[in-house]
Amino acid sequence: MTVEGTIRKHRGLLWMFLPCLLYFVIFHYIPMFGIILAFKDYVIGEGFMGSRWVGWENFETLFGSSDFLRALRNTFVISTLRLGLGFFAPIILALLLNELRWSGFRRGIQIVTYIPYLLSWVILGGIFLLVFSIDGPVNRLMLLLFDTKVRFLTDDLWFISLLVFTHIWQSAGYGAVIYLAALAGISPTLYEAATIDGANRWQLVRFVTLPSLAPTIVVLLILNLGLILDAGFDQIFNMYNPIVYDVSDIIDTYVLRHLISLDIGLSTAAGVFKSVVGLVMVVASNYLARYLSGDEYGIW
Amino acid sequence: MFYKRTLSGYLFDLLNLCFLTIVGLIAIYPFIYVLGLSFTTGEELAEGNFYLFPKRTSLVAYEMVLNDPNIRNGYLNAILRTTGGTLATLLMTSLAAYPLSRKKMPHRKKIVFFILVTMIFSGGIVPRYLLIHELGLINNRLSLILPLMLTAFNVIVLKNFFQQIPESFEEAARLDGAGDFTILFRIFIPLSKPILATIALWTCVLHWNQWFDGLLYITSDKKQILQIFLQRIVVENSVNRIRFGIQDLDMTMFSSEAVKAATVVITVLPLIAVYPFLQKYFIKGIKLGGIKE
């Protein structure tokens, strides 16, 4: 059939699909080509096509600037801490909840720990600034118990710890729900069979529950490794202050600052660098997961 | 359970219960504290032993926040974008999902791939900002709605749901002379209410929580959204902008902390209101997450 024939035959469907096509082209595909701005010296007046090609110059400037290197270091440190400490929190929470026999209580804990996932970091940041401020309840308690106050928001080390803690606080409940859904799918016959073989409670967790969770854990780990340069922009932007910039200025805040000062080429280059690293991490960790598990686990 | 009950097993259960209780308390405490804080008086806060519920309550903070013209505007704009955005998402997702769910749609698989790619690659914030700029949408409320109309995830989920509707429904309608649009709006959409409700709820939450687009694209206070005013008050610590709006302020009653807390509370309220409904649909959403083609 000719192209025109196909179009005429399915005109209803094609008309219906047109808005969707336009949407994805305009709001997703056109911005993808925007990454070529990383190789241009973009000047607002000259526009997208008119601006001068500069090759790798933006990237050279980027890696020559101590500001960007600092942002890169901070991003890496914060996201490694988030991944190292935060990745296992929902798994542990889900396993402990799963062992709980009192289902009403389990549901209560699930509901409570899940709430933060529904709220923006503007809201959560606001709450934490109030709770951890120098005169806030945590510091009043510190004063009462240890006769000292802690500068959670202005001390470099404490601030990073606070970022990691609040990240876990916000995301563990949501993560646990995903693992609990996977746990609910484990066939009871596995547990029955293991019990007949004489397995105790700990052995059931070790040899039935954990292996059944393994695919979910691997998939989420791969996805998280892809976010290795995402140190949590929403969270940091709504919690940091100039005193702790030295340890909390990350790639995303760097990009935003240069976007606002219309340093388009440089900020696009920083964004492109981040996306490329993320993509490489996902592909590499997926390859590794498949290699180590004998082609069993992976996201594709 | 299948295993034998042992003494150490009971001990573990007890410890587990205690530990999870502490986890639950840590999870809920910040919310209770902020709720209590929003009703405190300046006097009590100055005494420095407020942890949970105020001894004397005051509504001064709410009076100030709710009378602030910016907050009122912000609330209105947030409701506007949430309603508009959700309606746009429902309409657009239905229009996109129906053709993709029909076997006769030309190049169906390729188009699904074309949509899925957008889940993995994105141009980043700079090209996105420039696009909005080039479209002339800076400081236009549409800039808060248009870019969020469709997500690959929603389209695929609804497409999969449409595919489960028996073909006999469509065939019967065709015999009565119905076209694709009639079939979609008269048959498929009414049959898909639960899944559309799920998408609508999540879209509402998404829109209510969005703040970065307001920060980037909206330049006038008249069109600005609630989250940004909350950010100014709480994060940038500019309570004074509100304070000056009120005459005869009783300073023993006033506390800037309470004003911040009250702003947080009124922003959270609509989200807490939809939470019970989300609970109901949530597990369903996770199960749908397993995309199958």
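All values below come from the heavy atoms of this structure, side chains included, with hydrogens, waters and symmetry mates left out.
Closest of all the heavy-atom pairs between B:M92 and A:C20 is CE-N, 4.1 Å. Taking all atoms of both residues into account, the shortest heavy-atom contact from A:I109 to B:L20 is CD1-O, 3.2 Å. Shown here for A:P19 and B:L95, the closest heavy-atom pair between the two residues is CG-CD1, 4.3 Å. Residues A:F165 and B:I26 come closest through the heavy atom pair CZ-CG2, 4.0 Å. Across A:P137 and B:Y29, no two heavy atoms sit closer than the pair CB-OH, 3.4 Å. Of all heavy-atom pairs spanning A:F128 and B:P30, the tightest one is CE2-CG, 4.5 Å.
When B:V268, B:T267, B:L146 are compared by the number of non-hydrogen pairs under 4.5 Å with chain A, B:L146 comes out ahead. When the candidates B:L206, B:I115, B:I28, B:V205 are compared by the number of heavy-atom contacts under 4.5 Å with chain A, B:I115 comes out ahead. Of the listed residues B:F31, B:W208, B:F19, the one with more heavy-atom pairs under 4.5 angstrom with chain A than any other is B:F31. When each of B:G9, B:P127, B:P147, B:A97 is scored by its heavy-atom pairs under 4.5 Å with chain A, the top score falls to B:P147. In terms of non-hydrogen atom pairs under 4.5 Å with chain A, the most contact-rich of B:I132, B:I111, B:L131, B:L150 is B:L150.
In this structure the side chain of B:R128 never reaches within 4.5 angstrom of the side chain of A:F27, judged on heavy atoms. Counting heavy atoms from C-beta outward, A:L256 and B:L216 have side chains that approach closer than 4.5 Å. Contact of the B:L130 side chain with the A:L37 side chain is registered, since non-hydrogen atoms from C-beta on lie closer than 4.5 Å. Residues B:F12 and A:W202 have side chains not in contact (no heavy-atom distance under 4.5 Å, counting atoms from C-beta outward). Side chains of A:H10 and B:M105 form no contact here, defined as non-hydrogen atoms less than 4.5 Å apart. At a threshold of 4.5 Å between non-hydrogen side-chain atoms, the residues B:L17 and A:W102 count as touching.
Under the 3.5 Å distance criterion, with hydrogens and angles disregarded, no donor-acceptor pair is assigned to the side chains of B:Q210 and A:S120.
Ring centroid separation for the pair B:Y98 and A:W15 does not come in under the 6.0 Å cut-off.
Within the 4.5 angstrom heavy-atom criterion, atoms from both the backbone and the side chain of A:F17 approach chain B.
For the pair B:N209 (side chain) and A:L118 (backbone), a donor-acceptor distance under 3.5 Å is present.
Residues satisfying the side-chain hydrogen bond (donor to acceptor under 3.5 Å, both in side chains) criterion with B:S143, sequence neighbours excluded, are absent altogether. With sequence neighbours excluded, the residues forming a ring pair (Phe, Tyr, Trp, His ring centres under 6.0 Å) with B:W211 are A:F237, listed by chain and number.
Below 30°, between 30° and 60°, or above 60°: for A:F24 and B:F114 the angle between ring planes is above 60°, a perpendicular geometry.
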Could you walk me through whether A:R11 and B:D180 pass the salt bridge (Lys or Arg N to Asp or Glu O under 4.0 Å) check?
-> CA-CA 10 Å; A:R11 359 185 235 284; B:D180 287 311; over 6 Å; no
